[in-house]
Chemist: 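Got a structure for you, questions after.
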Amino acid sequence: MGSDMRLRIGGFAGFLALLLVAPAFLGEYQVHALIVSLTFLLPALGLNLILGYAGMLSFAQMAFFGIGAYVSALMAMRWGTPFWLNFLAAGVVAGVVALPLGIPALRLRKYSFVMCTLGFAVIAQTLAKNWVSVTRGDLGLSNVPRPMLGLWSGGIEIRGITSYYYLALGLSVIAVLAFLAIVSSPAGRYMIAIREDETLAASVGAPTWRYRMAAFVLSGVFAGCGGSFYVHYYTVISPTIFDPYYGNTLLVIVLGGGVGTLGGVVAGSFIFVALSEVLRVAPDIRMIAYGLLLIVVVFGCPEGLLPLLMRKLRRPTHAT
Amino acid sequence: MQPDLTAALSMRGIEKHFGSIIAVDAVDLDIPTGQICGLTGPNGSGKSTLFDCCTGLQKATGGRVFAAGTEVTGWEMHRIVREARVIRSFQKAVVLRAMSVEDNLVLAGQMVAFPGFAGTFAIGAASRARIRGLRERAGHVLELVGLSHMRHAEAGKISFGQQKLLQFSTMLMADPRVILLDEPMAGVNPVLIERMIENINRANREDGITFVVVEHNLDAMKALCHRLVVLSRGRIIADDTPDVVVRQPEVVEAYLAG
Ligand SMILES: Nc1ncnc2c1ncn2[C@@H]1O[C@H](COP(=O)(O)OP(=O)(O)OP(=O)(O)O)[C@@H](O)[C@H]1O
Ligand SMILES: [Mg+2]
């Protein structure tokens, strides 16, 4: 157990060190790919919480992501509010939207919950398309201000790709630490118990419904914050953000990386986003190759990449 | 009939129907505080379902349940555990297999150490100190039941009998007033059965915990219980000391028929 912990901390520290020096060795395009990976990391952490810890499959993640993006963009465009405020507001609004959605949805059984979140994603997209006075419909919002790092007005504007990268990295580190804090709290232990055996969890006094709700709301907060960074990086947002493609990418990251693990989801964000970028060299077969690779991953390691890797590291003498 | 408000657990007219099947049929039962009450009966006689109805796992079709004078009818299971301190085990050995033995105990103790919902999200020094306290307590409980050497083992990997002992230990972490055990000795080797009986007796004597024990093993029941209730087709057909009950003709008949 002790060695496991050391392995984990060492792994994270090493990986973080790599990421810190990476821009010095990489071209602009590769740094961009890393930023995209980090952008997906936040909603992926949220999905990991609701799916990996509370055991409920939600398709609402990208809808929360989109809501966060729109909220953040509109605040910056209309009121010129600083980035930190937009970022927090995006998370809070997404979490607040999750609450009334969760009240009926979480009372349902697992499959009905999935349908409910799917329905929500469709409604969110329709709203973004048709509430033209606010969202400008299919045109979307463009010229979203770049992030301003200042207390209120003014401050440093994030411009260059490297500054964006370090901002993304800083936010991701905070998000990972927040995630770690949640899952290692007593509430996190209850969530794991609920995932493993809901009846047993209730039998030791866990109000299961409340913890599932907490996981759902927090998953929305993570996604909303991710959306905020996304929109200030791309500086445009349109209803296509609600397309299933993005939601699927999240599922791939979490399931492929290792659902219910932190390292797996971090690794998954980089591996699968990078993979999709690398495959751009062959645009014709890109999606087919991507799909095939996913199938290989599923057969090769059904629990995800990281759990497989950890097992290998633990027992290096046993070749599987 | 009025419920007995002084009893640790008092059931009045509990009924449970599954379509046309009547699993529990108008059961009235009072368990006085401090008693170890056995509950037995043929397979399918409604013992587990009666537990389910008392602990909020299933909603009874009819009837009322009182715990130490408080009506708990219709409460959800986690609330009955937290507020009425009535806790139950399950017929299949259920432990959280992926967690360590100790973590299973810590989990069960959390409801005592963290009574509020918001407090469970804290990770500060105070929260960690409480968890440390739970680990210490867990060590003590494991020592008592004789599972100390398994403390850090994965709960899914210990033997079936040990899992049943583990399940019993987790319940002690929750400071219960009443423990309902559903077949704690089924499939367990004689040595561990012996140990289970000792543990139940000690918890009853030292902590004043009231027990209702569902069990088919009549020898164990005779050794353990102050009183034995027999259920057949959802109805109570006998209720007396174990020695008397096992000789009653309707009990013998029910067993032969069942
Ligand atoms: N969910 C259910 N749906 C339909 N019938 C059920 C259900 N649960 C229990 N029953 C029926 O209710 C009756 C009582 O079952 P129960 O499990 O309470 O018996 P038991 O006394 O615990 O038996 P055993 O000794 O085998 O554990 C049985 O006839 C059973 O088939
Ligand atoms: Mg039963």
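Lettering follows sequence order; numbering is per chain, from 1.
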Chemist: Would you mind checking which part of A:L180 comes under 4.5 Å of any heavy atom in chain B, side chain (CB onward), backbone (N, CA, C, O), both or neither?
Modeler: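 Neither part; nothing is under 4.5 Å.
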Chemist: Work out which heavy atom in B:V81 is nearest to a heavy atom in A:A202; give both atom names and the distance.
Modeler: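 For B:V81 versus A:A202, the nearest heavy atoms are CG2-O, 4.0 Å.
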Chemist: Checking heavy atoms, do the side chain of B:M173, its backbone, both or neither come under 4.5 Å from chain A?
Modeler: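 No part of it gets close to chain A.
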Chemist: So which N and O atoms of chain A and chain B form donor-acceptor pairs under 3.5 Å?
Modeler:
| from | atom 1 | to | atom 2 | distance (Å) |
| --- | --- | --- | --- | --- |
| A:S185 | OG | B:T120 | O | 3.4 |
| A:P186 | O | B:Q110 | NE2 | 3.1 |
| A:A187 | N | B:T120 | O | 2.8 |
| A:R189 | NH1 | B:Q110 | OE1 | 2.6 |
| A:Y190 | OH | B:R82 | NH2 | 3.4 |
| A:Y190 | OH | B:M111 | N | 3.2 |
| A:G205 | O | B:R82 | NE | 2.5 |
| A:G205 | O | B:R82 | NH2 | 3.0 |
| A:Y211 | OH | B:T120 | OG1 | 2.8 |

Chemist: Please state whether the side chain, the backbone, both or neither of B:A174 comes within less than 4.5 Å of a heavy atom of chain A.
Modeler: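 Contact with chain A is absent: no heavy atom of B:A174 under 4.5 Å.
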Chemist: Which atoms of B:I87 are under 4.5 Å from chain A, going by heavy atoms: the side chain, the backbone, both sets, or neither?
Modeler: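 For B:I87, the contact with chain A is made by the side chain alone.
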Chemist: Locate the shortest heavy-atom distance separating B:V95 from A:L200; write the atom from each residue and the value.
Modeler: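 Taking every non-hydrogen atom into account, C-CD2, 3.9 Å.
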Chemist: Against chain A, label B:F121 side chain, backbone, both or neither, depending on which of its atoms sit under 4.5 Å from a heavy atom there.
Modeler: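 Contact with chain A involves both backbone and side-chain atoms of B:F121.
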Chemist: For residues B:I131 and A:P186, report the shortest heavy-atom separation together with the two atoms involved.
Modeler: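 What the structure gives for the nearest pair is CD1-CG, 4.2 Å.
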